[in-house]
Amino acid sequence: MSDLRKGPFHLTNTLTRRKEEFIPLRPPHVGLYVCGPTVYSDVHLGNVRSFLTFDVLYRWLTHLGYKVRYVRNITDVGHLVDDIDEGEDKIAKRARLERLEPMEIVQKYTNGFHDVMRLFNILPPSIEPTATGHLIEQIEMVKRIIDSGFGYEANGSVYFDVPRFSEHHAYGELSGRRIDELLANTRDTEGMAEKRSPLDFAIWKKADPIHLMKWPSPWGEGFPGWHLECSAMSTKYLGRTFDIHGGGMDLKFPHHECEIAQSVAADGIAPVRYWMHGNMLTVNGRKMAKSEGNGFTPEELLTGNHKLLEKGYGAMTVRFFMLQCHYASTLDFSNAAMQAAEKGLERMMAALSTLDKLRATGSDDAGVAALEQRCYDAMNDDLNTPVMIAELFEGVRLVNSIHDGKIAIDPNGLDRLRTLFRTLTNDVLGLRQEQRPDTDDRTLDAMVQEFIRMRAEAKARKDFATSDRLRDQLASWGIILKDTKEGTSWERA
RNA sequence: GGUCGCGUGGCCGAGUGGCUAGGCACAGCUCUGCAAAAGCUGCUACUGCGGUUCGAAUCCGCACGCGACCUCCA
């Protein structure tokens, strides 16, 4: 944990709405829970942003030396489509539409989700539990809630008694809601006859005979309520109280508010010490969402085959683009911003490989120690990736200047610079060279190298007409040559 | 309607009561046979109107504009 000396880590706790020093319950262990996807359709770029935010958190905590148990669930049952009482399970609905067994839907979109996570270099969690795999834990939790007096059964379903709970505990603390205001804003209570209050939410739902996904329980055949799985599974793997719970801003209410209420009701203790919420990705100022129809899938992003996309963009470009904005701010997607990110990432990755060629000839560290400290300060200040990236660009300038012989650095400084750069860009930010199938193609590379050789020969005999013709020919195929002291390299336009 | 948040230079986006990120774009210069790449230099912004202060983009109030949540959503 030597890195912890570089300063305390602060993060914004959305429960207190303040930036707080992060002190784990049982150092060096950290318990982290993040709400995962509901696997009934393809993930879109907005989802990716959220998982990316917590990926960086996970990477940073790990880098600081903490032993992180990172739990991110797969929701494979429980979300209703329409109204609270009349709705159909999302996965069951999808299964009906696609004429598949519900678990086929679950598997299909879970696989897709994992593919996307890999594409964006988002690390897998330590545990990835599913709701259907934890029915017993959920049923037990419902029992505890009933026993504590905050749950009641009605016609085979079990509801959480919000008004009663709020008489004893602070319901609405996380999202800043007041129960009387919530009641005043309640819409029509049609079809909610079973519930004592419109604010109550289902923790167990009775399944009608044709329902596809259902399990036996003390209250009859049914399925767990939507908020329950996170509470049950976080308790199982991280304990009744754990360090950090993350999720998208849009889950704050009611999902996370309900989680708190359930845990307090069942176990008598607040489940989470630090709540973290990532902000939304927007398109033309509007939240990217399935329901808005303004989302696109990673595949469309890569191919550029979508009306919002002027061209295709690599996964690493997107990752870099997102990291240039603080996680708590909204980020607007635009082609101009993506193209700027593409250029910036290229420059940074180029510096990373230039680093290998540098030689230490100086007598001091050229400011590397100070640069390192600024990078750590930025990350320790609520994961301020945009500021750290700004510092890294100062590092890029330093690398290039050393390469050009304009600045000298001593061996220790160079070592430190290499370690710093590789660690922060690869391990912490999770950036790597964009996977460009074309440039990885050995045949293509061999062909281009032959052109480069022919051009070098032409240049050697000052036949610039020929050398330029070769270069222009490559350019017309989208291959750009770059002459350096070490020779000529190439890249895709 | 209720709650919360935002409004920064051509674009994207950080940010602290005073010293005023970074990327992209643009312009000039250096290097180079030319170009690209790289380096250097320039471009000095903070919605409007009041107020607090020696001093505010940063604090307070009002106005305007935008968004999120209040129903599933990362």
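Chain letters run A, B, ... following the sequence lines, proteins first, then strands; residues in each count from 1.
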Any luck finding a side-chain donor-acceptor pair between A:S334 and A:D332 under 3.5 Å?
no
With no hydrogens and no angle check, do the side chains of A:D377 and A:Q373 hold a donor and an acceptor under 3.5 Å apart?
yes
C1' atoms of B:G17 and B:C24, separation to the nearest Å:
30 Å
Answer yes or no: does a side-chain N or O of A:R286 lie under 4.0 Å from OP1 or OP2 of B:G67?
yes
Per A:M280 side chain, nearest of listed nucleotides B:A74, B:G2, B:C24:
B:A74
Pairing check on B:A14: which nucleotide meets the Watson-Crick or G-U wobble criteria with it, both distances under 3.5 Å?
none
Whole angstrom value for the distance that separates C1' of B:A36 from CG of A:D404:
14 Å
Is there a donor on the side chain of A:D468 or the base of B:G33 sitting less than 3.5 Å from an acceptor on the other?
yes
Under the criterion ring pair (Phe, Tyr, Trp, His ring centres under 6.0 Å), which of A:F120, A:F113, A:Y70 is the partner of A:F51?
A:F113
Look at all strands and tell whether A:M288 reaches a base, only sugar-phosphate, or nothing, counting heavy atoms closer than 4.0 Å.
base
Of the nucleotides B:C12, B:A21, B:A74, which has the atom closest to the A:A337 side chain?
B:C12
When you compare B:G51 with B:U41, how far apart are their P atoms, in angstrom units rounded to a whole number?
41 Å
What integer distance in Å separates A:I480:CD1 from B:A37:C1'?
11 Å
Considering only the C1' atoms, how many Å lie between B:C11 and B:C64, rounded to the nearest integer?
24 Å
Heavy-atom closest pair, residues A:A328 and A:N279:
O-ND2, 2.8 Å
Picking from B:C34, B:C69, B:A21, which would you name as closest to the side chain of A:P386?
B:A21
Could you check A:H211 against A:F223 for ring pair (Phe, Tyr, Trp, His ring centres under 6.0 Å), going step by step and ending with a plain yes or no?
CA-CA 10 Å; A:H211 206 93; A:F223 53 94; 4.7 Å; yes
Provide the distance between the two P atoms, one in B:G7 and one in B:A37, to the nearest whole Å.
34 Å
B:C73, B:A38, B:G22: which one has an atom nearest the side-chain heavy atoms of A:R347?
B:A38
In whole angstroms, the gap separating C1' of B:A14 from CZ of A:F320 amounts to 13 Å
Could you tell me whether A:E391 contacts a base, only the sugar-phosphate backbone, or nothing, with contacts defined as non-hydrogen atoms closer than 4.0 Å?
nothing
Could you tell me the Watson-Crick or G-U partner of B:A27, where both distances fall under 3.5 Å? Say none if there is no partner.
B:U41
Under-4.0 Å side-chain N/O to phosphate OP1/OP2 contact, A:N384 with B:G15
yes
Could you measure between the two C1' atoms, the one in B:C19 and the one in B:G61, and give it in whole Å?
29 Å
Provide the Watson-Crick or G-U wobble partner of B:G7, both distances under 3.5 Å; none if there is no partner.
B:C64
For a quick check of understanding: with a heavy-atom distance under 4.0 Å over all strands, which category does A:S467 fall into, base, sugar-phosphate or nothing?
base
Would one find a side-chain N or O of A:R397 under 4.0 angstrom from OP1 or OP2 of B:G39?
no
How about A:D382 and A:Y327: does a side-chain donor come under 3.5 Å of a side-chain acceptor?
yes
Contact under 4.0 Å: A:K343 side-chain N or O vs B:C12 OP1/OP2:
no
Using the side-chain heavy atoms of A:N400, tell me which of these nucleotides is nearest: B:G39, B:G33, B:G22.
B:G39
What nucleotide, of B:G2, B:C11, B:A14, holds the atom closest to the side chain of A:E181?
B:G2
In whole Å, measure the gap between the P atoms of B:G23 and B:C43 for me.
15 Å
Across every strand shown, the nucleotide meeting Watson-Crick or G-U wobble geometry with B:G33 (both distances under 3.5 Å) is none
Rounded to whole Å, please give me the gap between CG in A:N47 and C1' in B:A74.
5 Å
Who does B:U53 pair with, Watson-Crick or G-U, both distances under 3.5 Å?
none
In whole angstrom, what separates A:Y171's OH from B:C70's C1'?
11 Å
Does any nucleotide pair with B:C46 by Watson-Crick or G-U wobble geometry, both distances under 3.5 Å, and what is it?
none
Protein-nucleotide distance (A:F393, atom CZ; B:C40, atom P), rounded to Å
14 Å
Evaluate the side-chain proximity of A:M276 to A:F54: yes if any heavy-atom separation is below 4.5 Å, no if none is.
yes
Is the cationic atom of A:R177 (NZ for Lys, CZ for Arg) positioned less than 6.0 Å from the six-membered ring centroid of A:F253 and within 45 degrees of its normal?
yes
With no hydrogens and no angle check, just 3.5 Å: does a side-chain donor-acceptor pair link A:H277 and A:T14?
yes
Nearest-Å distance, CG (A:L323) to P (B:A21)?
22 Å
The side chain of A:R471 is closest to which nucleotide in this list: B:C73, B:C34, B:G23?
B:C34
The Watson-Crick or G-U wobble partner of B:G1, with both key distances under 3.5 Å, is B:C70
Which nucleotide wins on minimum distance to the side chain of A:K287, given the candidates B:G39, B:A68, B:A36?
B:A68
Work out how far the P atom of B:A25 is from that of B:G39, and round it to whole angstrom.
12 Å
Base, sugar-phosphate, or nothing: which does A:G285 touch, judged by heavy atoms less than 4.0 Å apart?
sugar-phosphate
Quiz question: going by heavy-atom distance under 3.5 Å, is there a donor-acceptor pair between the base of B:A74 and the side chain of A:N279?
no
Between B:G23, B:A14, B:A74, spot the one nearest the side chain of A:H326, thanks.
B:A14
Side chain of A:D332: nearest nucleotide among B:C24, B:G13, B:G33?
B:G13
If you compare every side-chain N and O of A:T282 against the phosphate oxygens of B:G67 (OP1, OP2), does one of them come in below 4.0 Å?
no
Base, sugar-phosphate or nothing for A:L331? Non-hydrogen atoms, less than 4.0 Å.
sugar-phosphate
What distance, rounded to whole Å, do you find between the two C1' atoms, one in B:C6 and one in B:U58?
15 Å
